[in-house]
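Worth knowing before you read on, the calculation uses all heavy atoms, side chains too, and leaves out hydrogens, waters and symmetry mates.
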Number of protein chains: 2
Amino acid sequence: MLKYQQIAGEIEKYIEENELKQGSKLPVIESLMKQYRVSKSTITKTLELLEKKGIIFQVRGSGIFVRRQKRKGYISLLSNQGFKKDLEDYILTSKIIELDVRKPSEEVALHLNMDLNEDVYYVKRIRYINGQTLCLEESYYNKAIITYLNKEIVSESIFHYITEALGLKVGFSDVYLLVDKLNEEEASYLGLEKNSPKLLVESLFHLTNGQPFDFSKVTYNYQQSQFFIQANSLFF
Amino acid sequence: MLKYQQIAGEIEKYIEENELKQGSKLPVIESLMKQYRVSKSTITKTLELLEKKGIIFQVRGSGIFVRRQKRKGYISLLSNQGFKKDLEDYILTSKIIELDVRKPSEEVALHLNMDLNEDVYYVKRIRYINGQTLCLEESYYNKAIITYLNKEIVSESIFHYITEALGLKVGFSDVYLLVDKLNEEEASYLGLEKNSPKLLVESLFHLTNGQPFDFSKVTYNYQQSQFFIQANSLFF
DNA sequence: TAGTGGTCTAGACCACCCA
DNA sequence: GGGTGGTCTAGACCACTAT
């Protein structure tokens, strides 16, 4: 474990356990250096990480402060494939509809940088949150990278399996959001009426080396579609 | 202008001008250090910035590579209040429906950390993209911070005015996404039928010192709701 | 003007990828 | 094993905030 990750974890834990509110002041860099016996750059790296995660914000000439989102019960759009509902208790289950190996469509081949005659794993499942339909998910995995999948793996967290069992490292993803109306099939899977609103989230996941390995289309039940994103400046 | 920002800008420009594709290899850190006559840390900082912006990705032991999104014509969800449509030509206009000073509702006061008897600027406008309705926007600005607004400012880029004319620095924002059906009023403003899908984006913008100054509710025309986000690991 | 975070340097060493 | 990015150090100096 790297020092700056270690320290970031401890600070995060400290904030959680003491239930610090938005705007609470944290110790200054000088103190943190002494407390953890590391250099200033390491603390800076630590704080950068916490800032990226939306846990703190830093103000030059003033200090380091806790950042908290105002609303509870929203799903973080950028965490593991769209989950990790903050604090709140919830039960996530899923039902597998299809799981097979097939040839990619042109669209899928294009996204995954594959030839049309290579193989992909296709997974179609419904996910439930506290017993209600959350989303209909269709995923395509490059079989050359994700060499094996079965029903058991797919019914649990696929990403956990990919990182732990296969030892692959997920790097970055491109996420596309579209809003439209449910077609008949989607509506029946989600238990909604045809033409109800839907949020379609298409994600393309890459390994750290830049290889795309998973293209997913997730259609959300609009009644459960409450997402949040913590954005940093960068763009202003 | 800071060195690492300067260099990042030049590298970004270089990528744009040469239309480098996803996966193109950039010079190694050593070369960049020599080329720009700076230390390794500065180049590292530069590359971190470009990575955060989704312009490159780095692979340990291998090199630095160009990252590009696969699709055109999507709106970046995390840039200035939701715009900056990539490359594509488009014309953004807006029509002001209301602009006044008023007392905040409880919801608004809560988000902006204000008392109910303080003043907010209220702006309601429709935004058009290439002549079609893009969204209906309602914004509340803390008048103690955003001291003055008029129709002219509001019909242009409000954020440009805030940063340039008022000299304020925007720090971070919390973004909440919800999907629902249009009510009668929204439908008529957007020129859609009642009960059509809508994407509601509620954003809370803070200054660099953590003060919230703008709470906005933006209802998007679902036919124009094509957003993308470039996400980095952090969460895997 | 004291305190605090941000930038930058020069250099050592480590972890990972690839031929 | 050679090349490449990532971490970490110690220290100098700068820019902004608060009082």
Practice prompt. Show your reasoning for whether salt bridge (Lys or Arg N to Asp or Glu O under 4.0 Å) applies to B:K53 and B:E12.
Written response: CA-CA 10 Å; B:K53 287 179 136 190; B:E12 185 170 358; 3.6 Å; yes

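Between A:F159 and A:F205, the two ring planes are perpendicular [angle over 60°; tilted spans 30° to 60°]. In this structure, A:Y74 and B:Y176 have perpendicular ring planes: the angle between them is above 60°, well past the 30° mark.
Of all nucleotides in DNA chain D having an atom under 4.0 Å from a heavy atom of chain B, the first and last in 5' to 3' order are D:dG3 to D:dT7.
Residue contacts shown for B:L47 are absent, as no nucleic acid heavy atom lies under 4.0 Å away. B:K40 comes within 4.0 angstrom of a base, heavy atoms only.
Between A:L2 and A:S62, the residue anchored closer to the 5' end of DNA chain D is A:L2, taking for each the nucleotide with the nearest heavy atom. Position along DNA chain C of the nearest nucleotide to B:M1 versus A:T208 favours B:M1 as the more 5'-ward residue. Judged by closest nucleotide on DNA chain D, B:V59 is the one of B:V59 and A:V59 placed further toward the 5' end. In terms of position along DNA chain C, the nucleotide closest to A:P27 lies nearer the 5' end than the nucleotide closest to the other residue of the pair A:P27 and B:S41.
Between A:I64 atom CD1 and C:dG3 atom P there is a gap of 16 Å when expressed in whole angstrom units. Straight-line distance from the CG atom of A:L207 to the P atom of C:dC18: 12 Å, rounded to whole Å.
Between B:F57 and A:F172, a ring centre-to-centre spacing shorter than 6.0 Å is recorded.
Residues B:V38 and B:L32 fail the side-chain proximity criterion, which asks for heavy atoms closer than 4.5 Å.
For the pair A:R71 and A:F228, the cation-pi criterion (under 6.0 Å, within 45° of the ring axis) is not fulfilled.
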